Amino acid sequence: MNAADQDRQQEQQRVEQVIAEIHKRIDGLREQVGEVGADIINIRKHFWDDVTVNFEDAIEAVETYASIKQQAEVLSERERIHRHALNQLRTLNRLLHSPYFGRIDFREDFEQHAFPIYLGIASLLDENEEDFLVYDWRAPISSLYYDYSPGPVQYETPNGTVVGEMTGKRQYVIRDGRLLHMFDTGVTIGDELLQEVLGKQADSQMKSIVATIQRDQNRIIRNERSRLVIVSGAAGSGKTSAALQRVAYLLYRYRQILRADQIVLFSPNSLFNSYVSTVLPELGEENMQQTTFQEYTEHRLGHQFELESPLVQMEYVLTAMKLPGYKERLEGIQMKSSVLFMQAIDQYVSQLKQSGILFSPIIFRGKVLISAEHIRDIFYSFDTNLPIPNRMNLVAKKLLGELKILEQRERTKPWVEDEMELLDKDTYAAVYQELRKKKQFRDDTFDDFDREQELLAAKIVKRHFQPVRASIRVLQFIDTPVIYQQLFSQPALLRSLLPAKTELPRYWEVICEQTLEKLAKGELAYEDIPPYLYLQERLEGFQTNNLVRHIFIDEAQDYSPFQFALIQRLFPRAKMTVLGDWNQAIYAHAYQSDSFDAVSSLYDPQETETFVLTKTYRSTRPIVEFTRQIVAGGELIEPFNRDGHEPSVTEAPDQEALTDMIVSRIKELSANGHQTIAVITKTTAEAQTAYEALHEKLPIRLIGTTTTSYDASTLLIPAYLAKGVEFDAVIIYNASSDCYERESERKLFYTACTRAMHELHLYYIGEKSPFLAAVTP
């Protein structure tokens with residue numbers, strides 16, 4: 001047996017020893033889970049048997065409370081132990097499949113010998129709980145694996161810098177207890193392991209990448225210093241994966257003070273939320289909160305307006321070119337999403353400090369209780385140097401004081417007496433008992449009819465005034481819709497709010513008309529949502545959440561300056577990580593401005609760090625060499641050296657032939673073992689047409705704007721819903737010039753093509769898209 005075979009045999013023996021230890025732990029934990037589970041059931045079943053309940057006097061009541069509390073604490077402790085044991089069991093079951101993926105041999109300075117450090121998705125101690133059999137990939141020492149090649153190394157710990165030498169670095173592919181591959185490697189994670197991992201089929205859910213994290217990704221994951229981390233990366237460069245591993249790292253690093261519910265991920269859509277939902281549980285962590293900006297705005301404004309979704313706006317931009325008012329709205333979208341419009345609203349708010357705020361009257365039973373003019377006079381009576389939200393709170397306080405007087409006056413109104421006559425006996429009895437308890441009768445007969453009537457009237461009016469009081473407390477007397485309308489009712493107003501010599505949009509008057517028309521119908525276009533919400537927050541005060549400590553924004557290139565400003569002010573204590581690709585900026589508002597400039601302007605440059613990822617791992621080299629020719633600056637994108645099929649561009653003579661060609665291609669791809677095959681269309685309307693042509697000939701699932709998850713199968717999906725997701729094979733349903741011709745659609749076309757991992761096939765009828773003109777045959 002040569003040295004290599006002997007080395008491999010020793011490594012296999014170690015794998016078997018570690019797995020044997022894992023089995024032993026699993027057996028012990030299962031027994032513990034069973035015993036503690038039985039205890040919990042028993043305590044719940046006999047909870048009240050062991051509690052003495054006696055409320056005869058204060059002392060007995062205190063003892064009863066103490067008895068209940070003690071029993072509850074015993075139950076809570078058992079449940080905590082049970083949860084902890086279950087979590088350990090889940091982690092061990094994951095380690096059982098593949099206990100570790102890497103090893104470094106490290107010798108600390110002033111030590112004689114190097115010792116081996118094996119890395120896995122979680123830590124594992126030996127049976128004496130003294131030495132690590134496996135180190136968690138997030139441990140400080142584990143960073144050496146991702147950042148260095150053999151030689152002098154150092155790593156940071158909470159107690160300072162540790163310096164030493166890495167004498168060896170090795171990678172493993174272990175499956176179900178068998179060592180399939182092992183290889184020694186240098187600074188980057190070896191191509192052999194990446195080839196093995198990237199060559200697999202895609203799934204309906206993203207997987208953990210801890211075994212293949214690259215050096216640049218590791219710097220993103222372990223960044224603790226910066227308040228703002230910007231990750232600009234090519235399609236398939238591992239931005240989202242790095243972000244999710246960053247969440248797992250932060251939860252591990254700050255496990256004593258940080259919980260998963262203190263981290264929020266803003267994602268592009270609900271489908272994407274489903275796609276990434278298993279990564280953190282796979283690493284033994286709870287999922288962070290996940291939302292979309294649209295879900296947040298629905299929560300805030302859905303009761304005031306019918307809100308347009310970004311996907312509906314996208315569909316309009318891609319399909320309504322021939323409708324009247326199209327070019328005007330497109331210009332409006334870009335203006336309303338710009339830094340310039342944000343500055344105009346800031347200036348508008350400054351003007352409103354002096355005059356111009358409109359208020360809604362306080363209405364009660366169909367009549368004006370407090371007029372809008374009176375509220376305005378109160379507001380402008382306060383010091384104009386005070387911020388508007390502070391003055392609004394002072395107004396609310398004064399109105400609540402006035403409401404008490406009005407409430408007392410209302411008690412003598414005829415409607416109160418009418419309602420009193422309809423009260424049931426129980427209400428009368430309750431009032432009678434309340435009078436006795438408070439000793440509010442005027443004599444000893446306990447028969448004071450007038451006093452009883454007064455109390456009943458007060459109760460009736462108080463109940464009816466409750467919604468009025470609540471509306472004042474939440475500042476509903478501010479007429480924000482009309483204040484926003486003013487910006488468009490007087491087209492010249494914008495001119496006074498912009499810096500001198502700034503040109504107004506060409507079609508500003510038409511944009512104003514379009515906006516007012518929608519507002520009159522109670523609708524808010526998607527481009528109006530962020531500026532409207534920003535204006536509302538500037539008037540009422542930002543509803544801040546100080547509990548959230550980290551915000552992650554994926555597909556950040558699609559966010560406007562307003563959206564970034566809102567998120568930053570809503571979560572003032574949170575650090576922010578934003579990820580995006582300027583080549584995938586597909587929304588109309590992003591055509592002219594770089595969203596990364598917008599977010600970086602909100603933070604101190606000293607607290608900001610930007611990472612640029614140019615190497616792409618998702619697609620094969622032939623696919624990357626094809627797709628990078630579609631966009632400007634594509635030559636900077638570096639393909640990973642993974643071979644594969646050349647992309648194909650095929651002309652179909654007519655629609656019927658196109659359908660037959662795509663059906664044939666899907667069958668061929670399925671036969672070759674591809675599990676996730678996506679037929680990508682430009683729009684939802686085109687996807688529906690394609691579905692009608694294809695679904696009778698083979699099983700295919702249509703993905704729409706309301707779809708929240710998908711499985712590994714053949715899908716029909718619009719390009720803008722496929723963002724952030726990857727598939728084994730992609731078929732571009734219609735790559736003709738009729739479909740993709742305008743320069744504004746280039747990035748959408750690029751986004752669709754870059755979803756492919758292993759195969760990419762494009763079809764067209766007539767003339768192919770001009771975006772393919774620069775692509776070499």
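No experiment lies behind these values; they were computed from the predicted model shown.
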>> Ring-plane angle category for F293 and F266, please: parallel below 30°, perpendicular beyond 60°, tilted otherwise.
In response: tilted
> Within the distance-only criterion (no hydrogens, no angle test), does the side chain of Q629 pair as donor or acceptor with the backbone N or O of T776 below 3.5 angstrom?
Replying inline: yes
> Has the side chain of R618 got a donor or acceptor atom that lies under 3.5 Å from a matching backbone atom of T754?
Replying inline: yes
> So, E156 and R222, do they make that salt bridge, N to O below 4.0 Å?
Replying inline: no
>> Could you check whether any side-chain N or O of S237 sits under 3.5 Å from a backbone N or O of A234, counting only pairs where one atom can act as donor and the other as acceptor?
In response: yes
>> Any side-chain to backbone donor/acceptor pair from R14 onto Q10? Under 3.5 Å, distance only.
In response: no
>> So that I can tick it off, tell me whether D216 and K615 are bridged by a salt bridge, with the cut-off set at under 4.0 angstrom between side-chain N and carboxylate O.
In response: no
> Relative to the ring of Y172, is the ring of Y118 parallel (under 30°), tilted (30 to 60°) or perpendicular (over 60°)?
Replying inline: parallel
> So, D27 and K24, do they make that salt bridge, N to O below 4.0 Å?
Replying inline: no
>> Keeping S648 on the side-chain end and H761 on the backbone end, is there a donor-acceptor pair under 3.5 Å?
In response: no
>> For E224 and Y249, which I'm curious about, is there any donor-acceptor pair between the side chains at under 3.5 Å?
In response: yes
> Do R90 and N87 have side-chain atoms, one donor and one acceptor, less than 3.5 Å apart?
Replying inline: yes
> Is L251 close to I263 at the side-chain level, that is, under 4.5 Å between some pair of heavy atoms?
Replying inline: yes
> Going through the checks in order, is the salt bridge (charged side-chain N to carboxylate O under 4.0 Å, His left out) test met by R103 and D105?
Replying inline: CA-CA 7 Å; R103 164 185 161 180; D105 297 325; 2.9 Å; yes
> What distance do F564 atom CZ and L228 atom CG have between them, rounded to the nearest 0.5 Å?
Replying inline: 9.0 Å
>> If the threshold is 4.0 Å, N to carboxylate O, is there a salt bridge linking E11 and R8?
In response: no
>> If we ignore hydrogens and angles and just use 3.5 Å, is the side chain of Q12 paired with the main-chain N or O of L179 as donor and acceptor?
In response: yes
> Between H181 and R175, does any side-chain donor sit less than 3.5 Å from a side-chain acceptor?
Replying inline: no
> K723 pairs by side-chain hydrogen bond (donor to acceptor under 3.5 Å, both in side chains) with which of D558, T751, D554?
Replying inline: D558
>> Looking at K239 and E555, would you say the former's side chain and the latter's main chain have a donor-acceptor pair under 3.5 Å?
In response: no
